[in-house]
Novice: 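Encoded as structure tokens, here's the structure I'll be asking about.
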Protein chains: 2
Amino acid sequence: MKHLEPYINRLKNFGYKVTHQRLVVLDYLQHSKEHPSAETIYNDLKERYPTISLATIYNTLEMLTRVGLVLDLGAPEERRRFDGNTSDHSHFFCTNCGKIEDIVVPGVEKVMNKVKQDTSRHIDRCRLDFFGRCAVCESENNNHSDKQRPD
Amino acid sequence: MKHLEPYINRLKNFGYKVTHQRLVVLDYLQHSKEHPSAETIYNDLKERYPTISLATIYNTLEMLTRVGLVLDLGAPEERRRFDGNTSDHSHFFCTNCGKIEDIVVPGVEKVMNKVKQDTSRHIDRCRLDFFGRCAVCESENNNHSDKQRPD
DNA sequence: CTTTGTGCAAATACTTTGCACGTAG
DNA sequence: CTACGTGCAAAGTATTTGCACAAAG
């Protein structure tokens, strides 16, 4: 887990101990593209680390979010979803199947930086999200024709 | 509650009945700038409508969100927060006091529309959010090393 | 008159916490 | 060695649901 060194340093700088469980969660998030929930992380990890606990996953995610190594995506679902990729990127939420995809939005940074200057507030972070139906759901034409779409 | 007519029509178009409770919640949200939680709405409304129930508030908010008359803001807090203003605008979340403010971001629509065209997905809605410390919190405590120290 | 919504309370589900043991520093 | 982290189970807490009555269309 050499690639985790910068993260380890971040933990140390914030005064947190570097534990096996924390590294495992970090490593998991670095390799996941699924924007998993705490429970998903737990279910996947407990196969290799059977004694890990869900409470530790939650504690770890909360801590990692606090130090900025993980993002809480604010998904419109029951469970919270997390992202280990903290670089500038946007998200697309499929309101049909719940999938979350990374999405590249050129030109956003410029707009965001303008806001950071113009506002009286101190802005730490921005997020830009899109909601709709993913390519799969759109092509499957799965009429979940509930009252899904406004307008 | 004359101003609610377009909303009433929306309910009817979706086949929902127009009830006193639904109008009251809609009216409340139209007049609120606080981006309230379900419980806040409940607490405020039960003074004037003592028999209204929290479950109804939740059911109503869920339905109004589904038909696009209310936004679920995806706030980084325990409770969900809602907005009755569905026109294009962004939000600022104070990570210190929890306040949510409307914020005007010029030029965003252009970027968002570009994404709507470029992507293979079907996009219904976008959101642009900012996180940081509001003017009040910022002035009260000039220390902007926002990350709280571990326990 | 039929269907949908409401209020209440109980249930559910996600997340957090208390405590004793284990482990990093 | 000492403080902090972990695992477990138990507790919270926001939100949803079942049901009988009420109200809308």
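Within every chain, numbering begins at 1; the chains are lettered A, B, ... in the order of the sequence lines, protein sequences first and strands thereafter.
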Novice: Rounding to a whole Å, what distance do you find between A:L23:CG and D:dT6:C1'?
Specialist: 14 Å
Novice: What residues form a side-chain hydrogen bond (donor to acceptor under 3.5 Å, both in side chains) with A:Y58, not counting sequence neighbours?
Specialist: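 If we apply the side-chain hydrogen bond (donor to acceptor under 3.5 Å, both in side chains) test to A:Y58, skipping adjacent residues, there are no hits.
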Novice: Measure from CG on A:L54 to C1' on D:dA9 and round the result to the nearest Å.
Specialist: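 These atoms are roughly 12 Å apart.
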Novice: Heavy atoms from C-beta onward define the side chain here; which of D:dT16, D:dG7, D:dA14 lies closest to that of B:E62?
Specialist: D:dT16
Novice: State which of D:dA14, D:dT16, D:dT17 makes the closest approach to the side chain of B:N59.
Specialist: D:dT17
Novice: For residues 97-106 of chain A, which side-chain donor-acceptor pairs fall under 3.5 Å, sequence neighbours excluded?
Specialist:
residue: A:E101; atom: OE1; partner: B:R121; partner atom: NE; Å: 2.6
residue: A:E101; atom: OE1; partner: B:R121; partner atom: NH2; Å: 3.0
residue: A:D102; atom: OD1; partner: A:H35; partner atom: NE2; Å: 2.8
residue: A:D102; atom: OD1; partner: A:H89; partner atom: NE2; Å: 3.2
residue: A:D102; atom: OD1; partner: A:H91; partner atom: NE2; Å: 3.2

Novice: Taking side-chain hydrogen bond (donor to acceptor under 3.5 Å, both in side chains) as the test, write out the residues that go with A:Y42, two or more places apart.
Specialist: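 Once residues adjacent in sequence are excluded, A:Y42 has no partner under the side-chain hydrogen bond (donor to acceptor under 3.5 Å, both in side chains) criterion.
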Novice: Kindly write out the residues that satisfy side-chain hydrogen bond (donor to acceptor under 3.5 Å, both in side chains) with A:T56, not counting sequence neighbours, or none if the list is empty.
Specialist: A:S53
Novice: Applying salt bridge (Lys or Arg N to Asp or Glu O under 4.0 Å), can you list everything that pairs with A:D83, at least two apart in sequence or on another chain?
Specialist: none
Novice: Could I get the full list of ring-ring contact (aromatic ring centres under 6.0 Å, His included) partners for A:F131, not counting sequence neighbours?
Specialist: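 A:F131 satisfies ring-ring contact (aromatic ring centres under 6.0 Å, His included) with A:F93 once adjacent residues are dropped.
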Novice: Whole Å only: how far is the CZ atom of B:F82 from the P atom of D:dA14?
Specialist: 13 Å
Novice: To 10°, what angle do the rotation axes through the five end pairs on each side of the helix from C:dC1-D:dG25 to C:dG25-D:dC1 form?
Specialist: 50°
Novice: On the nucleotide D:dG5, are OP1 or OP2 found under 4.0 Å from the side-chain N or O atoms that A:R22 carries?
Specialist: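 Yes.
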Novice: Can you find a side chain N or O atom of B:Y58 that sits less than 4.0 Å from OP1 or OP2 on D:dT15?
Specialist: yes
Novice: Whole Å only: how far is the CD atom of A:E77 from the P atom of D:dT15?
Specialist: 15 Å
Novice: Among residues at least two apart in sequence or on other chains, which ones pass salt bridge (Lys or Arg N to Asp or Glu O under 4.0 Å) with B:E34?
Specialist: none
Novice: Write down the distance between NZ (A:K46) and C1' (D:dG7), rounded to a whole number of angstrom.
Specialist: 13 Å
Novice: All N/O contacts under 3.5 Å from nucleotides 23-25 of chain D to the protein, with atom names and distances to one decimal?
Specialist:
residue: D:dA24; atom: N3; partner: B:K17; partner atom: NZ; Å: 3.1
residue: D:dG25; atom: OP1; partner: B:V18; partner atom: N; Å: 3.1

Novice: Using a 4.0 Å cut-off to any heavy atom of chain B, which nucleotides of DNA chain C are the first and last in contact, reading 5' to 3'?
Specialist: C:dT3 to C:dA9
Novice: Return a table of donor-acceptor pairs under 3.5 angstrom between the side chains of residues 70-78 of chain B and protein atoms on other chains or two or more places apart.
Specialist:
residue: B:D72; atom: OD1; partner: B:G74; partner atom: N; Å: 3.3
residue: B:D72; atom: OD2; partner: B:R80; partner atom: NE; Å: 3.0
residue: B:E77; atom: OE1; partner: B:R81; partner atom: NH1; Å: 3.2

Novice: Tell me: CD1 of B:I52 to C1' of D:dA22, nearest whole Å?
Specialist: 15 Å
Novice: I'd like to check the salt bridge (Lys or Arg N to Asp or Glu O under 4.0 Å) partners of B:K114; sequence neighbours left out, ordered by chain and number.
Specialist: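 Here the qualifying residues are B:D118.
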Novice: For the side chain of B:A55, counting heavy atoms from C-beta on, which of D:dT6, D:dA14, D:dT17 is nearest?
Specialist: D:dT17
